[in-house]
Amino acid sequence: MAELICFNADCRARYAITDVLYNCTKCGGLLEAVYGAIDACDLKRVFRERRMSNAPLDQSGVWRYRELFPFLGDYAQVTTLREGNTPLLDAPAAAEYGGLDRLTFKHQGFNPTGSFKDNGMTCGVAQARRLGMKRVACVSTGNTSASMAAYAAAAGIEALIFLPHGNISFGKLAQALEYGARTFEVEANFDQILALVRVLAERLGIYLLNSVNPFRIEGQKTIIFEMLDQRDWRAPDWIVLPGGNLGNTSAFGKALREAHALGLIDKMPRLAVIQAEGSAPFYDFMQRGGEFRAVEKPETLATAIRIGDPVSWPKALHEIRSSCGVVDKVSEQEIADAKAIIGRCGIGCEPASAATLAGLRKLTAQGVVARDADVVAVLTGNVLKDPDYIYRYHTGQLKAPDGARIESRFGNQSVVVPNDADAIARAL
Ligand code: F0G
């Protein structure tokens, strides 16, 4: 039995799982999917056996774990691009840079559209189909839109995408166009466009697939389930992730609490959420307490997390508290350098993802994370999402939003040579 329940502890209003709602109609709170008793006794074996199966649902690194988010009545409504199935990668050079003995990356950039959004989108689009929706919409800093465009196209639903004009990488915009989405570049920032899209969704009966959509959060829980499964259900000490709209923080915390309650893991890992300095409202709030205050003009070259008014902050706050977590922020220079180090491990990621390693370096230096801790950092997006940033960094042309030059400390420039073996041999 699945229901939607208001996340606000003073309200907890309940709604049918098929109600088209993103917020509680009584108090305006966020909604979450909640289930009756789940029998977890044999699940670890079932999940493992499904890796041998050729059935599309079992091959998906999301739907393989479907007993842990049983909101759908009929799995015929699922559109899968075989999302999830992302590797755990050891990265000794990044560990050393981060002040750790050992560091493992869970690389969500290996997803079909190159980011963790696919884990949630397959669920959001399945719910859209179940509800008979003909059109879906989102505002995005680029990855949600790329993912929604792909899954909507595969499902035969029309995709409407709203992007902050001038603040999205071409790789991500190109994906939306290639997957056939109707794409609008709005002259406003992410937070302003989200308010606009909510109005349009309501007025035109379009299904909203931003991370306020509780079914996206259910799908993103599987990033954690798959990581735990890959570690034979040994929970790490820390899980580190970048924070933007804070949907992933909400999903990871919910997954960990549920896995712990079901006895799938015997301890709760701690969450460490890292924000970019110019877009760090959650960090500010955790430091200062009191009312949550949005950052009016968020800035960062890590455009994926350029968000000043993250909708999921109440859930994220709960998850940070439940997991004894921490929130930190890092500078543009720190993100750029950490990103280059991840590249040198042969792994690579997009700028927002590198906030994890930059944050870890700070947290180990402060003694918050111990050198010998067992740490999994989640790389949220693929290295090819933002090639423009990479080229500028390595050629010394990258500038922070305030115009300050970012030093290319780990830069690697290409060299122009004549078509002459002797000259090239000399250069070598
Ligand atoms: N990393 C990447 C690569 C992202 O695309 C995002 C969010 C985040 C981290 C932050 O995750 O919002 O769950 O805290 N991108 C959204 C988008 C906002 O529109 O693609 P969050």
Side-chain angles (χ1 to χ4, degrees), residues 30 86 105-111 113-121 124 137-150 161-164 167-169 171-173 175-176 186 189-191 193-194 197 208-213 216-217 219-221 223-224 240-255 271-276 279-283 298 300-313 315-317 319-320 327 330 335 339 342 348-359 377-386 389:
L30 296 165
T86 63
F105 287 122
K106 172 78 172 153
H107 204 328
Q108 292 302 110
F110 282 65
N111 258 300
T113 77
S115 87
F116 74 93
K117 304 291 181 179
D118 295 342
N119 286 67
M121 204 51 76
C138 69
V139 52
S140 178
T141 56
N143 280 325
T144 298
S145 48
S147 182
M148 192 188 83
I161 284 170
F162 298 84
L163 304 170
N167 275 299
I168 162 169
S169 73
K172 298 173 188 178
L173 176 58
Q175 285 181 289
V186 187
N189 69 28
F190 179 93
D191 309 301
I193 304 171
L194 180 56
V197 175
L208 191 60
L209 280 176
N210 275 99
S211 59
V212 281
N213 184 307
R216 287 238 347 250
I217 300 292
Q220 285 172 214
K221 289 191 322 195
I223 300 166
I224 293 295
V240 189
L241 72 158
N245 218 13
L246 301 173
N248 230 11
T249 307
S250 312
F252 285 15
K254 187 172 193 270
L271 290 177
V273 174
I274 314 298
Q275 297 208 285
S279 304
F282 191 49
Y283 168 83
T300 171
L301 296 178
T303 49
I305 50 174
R306 191 171 178 272
I307 293 176
D309 194 7
V311 280
S312 292
W313 75 262
K315 286 186 177 177
L317 172 64
E319 304 309 348
I320 290 295
V327 183
V330 288
I335 292 174
K339 181 172 138 53
I342 296 168
C349 64
E350 71 163 280
S353 310
T356 54
L357 180 60
V378 178
L379 299 180
T380 44
N382 190 282
V383 67
L384 285 174
K385 287 280 189 176
D386 197 348
Y389 180 106

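It should be emphasised that the depicted structure is a prediction, and the values quoted were computed from it without experimental measurement. Indexing begins at 1, ligand by ligand and atom by atom, following the structure's order.
- Panel note: side chain Gln175, backbone Thr113; a donor-acceptor pair is recorded below 3.5 Å.
- Between Gly247 and ligand 1, at least one pair of N/O atoms sits closer than 3.5 Å.
- Side chain to side chain, Asn167 and Asn189 fail the donor-acceptor criterion of an N or O pair below 3.5 Å.
- Only the side chain of Ile305 comes within 4.0 Å of ligand 1, counting heavy atoms alone; its backbone N, CA, C and O stay farther away.
- Each of the atoms 2 (C), 3 (C), 4 (C), 5 (O), 20 (O) of ligand 1 lies under 4.0 Å from some heavy atom of Asn143.
- Under the rule for a salt bridge (charged side-chain N to carboxylate O under 4.0 Å, His left out), the partners of Lys106 that lie at least two apart in sequence or sit in another chain are Glu226.
- The proximity of Ala304 to ligand 1, defined as any non-hydrogen pair under 4.0 Å, involves the side chain as well as the backbone.
- Not a single heavy atom of Ser211 sits under 4.0 Å from any atom of ligand 1.
- When only interatomic distances are considered, the shortest N/O to N/O separation between Thr380 and ligand 1 falls below 3.5 Å.
- Within the listing of ligand 1, atoms 1 (N) sit less than 4.0 angstrom from a heavy atom of Ala352.
- Of the candidates Asn245, Leu246, Val212, Leu246 is the only one forming a side-chain contact (heavy atoms from CB on, under 4.5 Å) with Ser312.
- Shown here for Leu209 and Arg216, the closest heavy-atom pair between the two residues is O-NH1, 2.7 Å.
- Distances below 4.0 Å separate heavy atoms of Lys117 from the following atoms of ligand 1: 5 (O), 6 (C), 7 (C), 15 (N), 16 (C), 17 (C), 18 (C), 20 (O).
- Atom numbering of ligand 1 starts at 1 in the shown order; those under 4.0 Å from a heavy atom of Ser140 are 17 (C), 19 (O), 20 (O).
- Atoms of ligand 1 found under 4.0 Å from any heavy atom of Gly243, numbered from 1 in the order shown, are 14 (O).
- Using 4.0 Å as the threshold, Thr249 has no heavy atom nearer than that to any atom of ligand 1.
- Ligand 1 has no N or O atom lying under 3.5 Å from any N or O atom of Phe190, backbone or side chain.
- Interface atoms of ligand 1 facing Asn248, defined by a heavy-atom separation under 4.0 Å, are 13 (O).
- The backbone N or O of Leu384 sits less than 3.5 Å from a side-chain atom of Asn382, completing a donor-acceptor pair.
- Only the side chain of Ile307 comes within contact range of ligand 1, with a heavy atom under 4.0 Å; no backbone atom does.
- Looking at Glu350 next to ligand 1, no N or O pair under 3.5 Å apart turns up.
- If you check which protein heavy atom lies closest to atom 12 (O) of ligand 1, you get Asn245 N, 2.7 Å.
- Residue Thr144 places at least one N or O, backbone or side chain, under 3.5 Å from an N or O of ligand 1.
- Of the candidates Ile224, Thr380, Ile217, Val273, Thr380 is the only one forming a side-chain contact (heavy atoms from CB on, under 4.5 Å) with Asn248.
- Closest protein heavy atom to atom 11 (O) of ligand 1: Phe116 CZ, 3.5 Å.
- Against a heavy-atom cut-off of under 4.0 Å, Pro242 is close to the following atoms of ligand 1: 9 (C).
- What you find for Leu301 and Asp386 is that their closest heavy atoms are O-OD2, 4.4 Å.
- Judged purely by atom type and a 3.5 angstrom limit, Ser145 uses its side chain to pair as donor or acceptor with the backbone of Gly142.
- Of the possible polar contacts, one joining the Thr356 side chain to the Ser353 backbone as a donor-acceptor pair under 3.5 Å is found.
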